[in-house]
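Remember, predicted model here, so these are calculated numbers, not experimental data. For the numbers below, each heavy atom of this structure counts, side chains included, while hydrogens, waters and symmetry mates do not.
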Amino acid sequence: MNKEEIQKLLERYLDGLTTNEEEGRLRDYFTRAGQQVPAEWRVYRALFAYEQAEAAALQQQAAVPAATLRQGFQRHWLPVALAVAAAAVALLVLTVQLPQSGNNYAIINGKVIHNKEIINREAEASLNMVSADADEDFDALFQMETAI
């Protein structure tokens with residue numbers, strides 16, 4: 001390839017118009033030319049050298065046998081399994097200990113009461129003891145019922 005052909009291919013490469021075959025020709029040129037590349041193209045020489053090194057690394061990774069990958073998995077499955085089991089146990093403990101929405105209660109005279117009618121009656125009696133008039137009782141009672 002002469003300098004004009006290389007220049008045209010470089011322009012097409014920078015515009016993203018080259019084929020794989022044309023890019024291969026550019027890589028071959030810059031690899032074979034070495035230090036003989038003109039100064040204005042030295043940047044491209046570095047670029048194509050990097051591309052070749054990356055391609056070689058990918059080929060080397062692809063050559064790793066499947067047995068090696070299985071050995072890596074076999075070594076690391078135990079910590080992964082333990083982490084999954086620990087997460088499952090933690091989730092189970094949290095689920096069991098979280099309060100359920102249907103378990104509302106009040107403690108009256110030291111006893112746990114779940115009956116809503118008894119709780120309302122005791123709350124109304126308590127409000128009557130501290131209120132100034134009947135309107136305050138109903139306002140407070142209304143606020144309590146919307147919260148329950």
Subject >> Distance, nearest 0.5 Å, that separates CD of Glu21 from CG of Leu26 >> reply: 10.0 Å
Subject >> Closest heavy-atom pair and its distance - Ile119, Ile108 >> reply: CA-CD1, 4.4 Å
**OP:** Check whether more than 12 heavy atoms from other residues, nucleotides or ligands sit under 6.0 Å from atom CG of Asn109, and answer yes or no.
**Re:** no
Original post:
Is Glu124 reaching over with its side chain to a backbone N or O of Arg121, donor-acceptor style, under 3.5 angstrom?
Top reply: no
Original post:
Is Leu14 reachable from Tyr29 through a run of I, L, V, M, F, W or Y residues, each pair having side-chain heavy atoms under 4.5 Å apart?
Top reply: yes
**OP:** Answer yes or no: are there more than 12 heavy-atom neighbours, outside Gln36 itself, under 6.0 Å from its atom CD?
**Re:** no
Original post:
So do the side chains of Gln7 and Glu11 get within less than 4.5 Å of each other, counting heavy atoms only?
Top reply: yes
Original post:
In Å, rounded to the nearest 0.5 Å, how long is the span from OH of Tyr13 to CZ of Arg27?
Top reply: 7.5 Å
Original post:
Just wondering, more than 12 heavy atoms not from Asn20 lying within 6.0 Å of its CG?
Top reply: no
Original post:
What class does the angle between the rings of Tyr44 and Phe30 fall in, given that below 30° is parallel, 30 to 60° is tilted and above 60° is perpendicular?
Top reply: tilted
Subject >> Residues Lys8, Glu22: salt bridge by 4.0 Å N-O rule >> reply: no
Subject >> Shortest non-hydrogen separation from Thr18 to Leu9 and the atoms involved >> reply: CG2-O, 3.6 Å
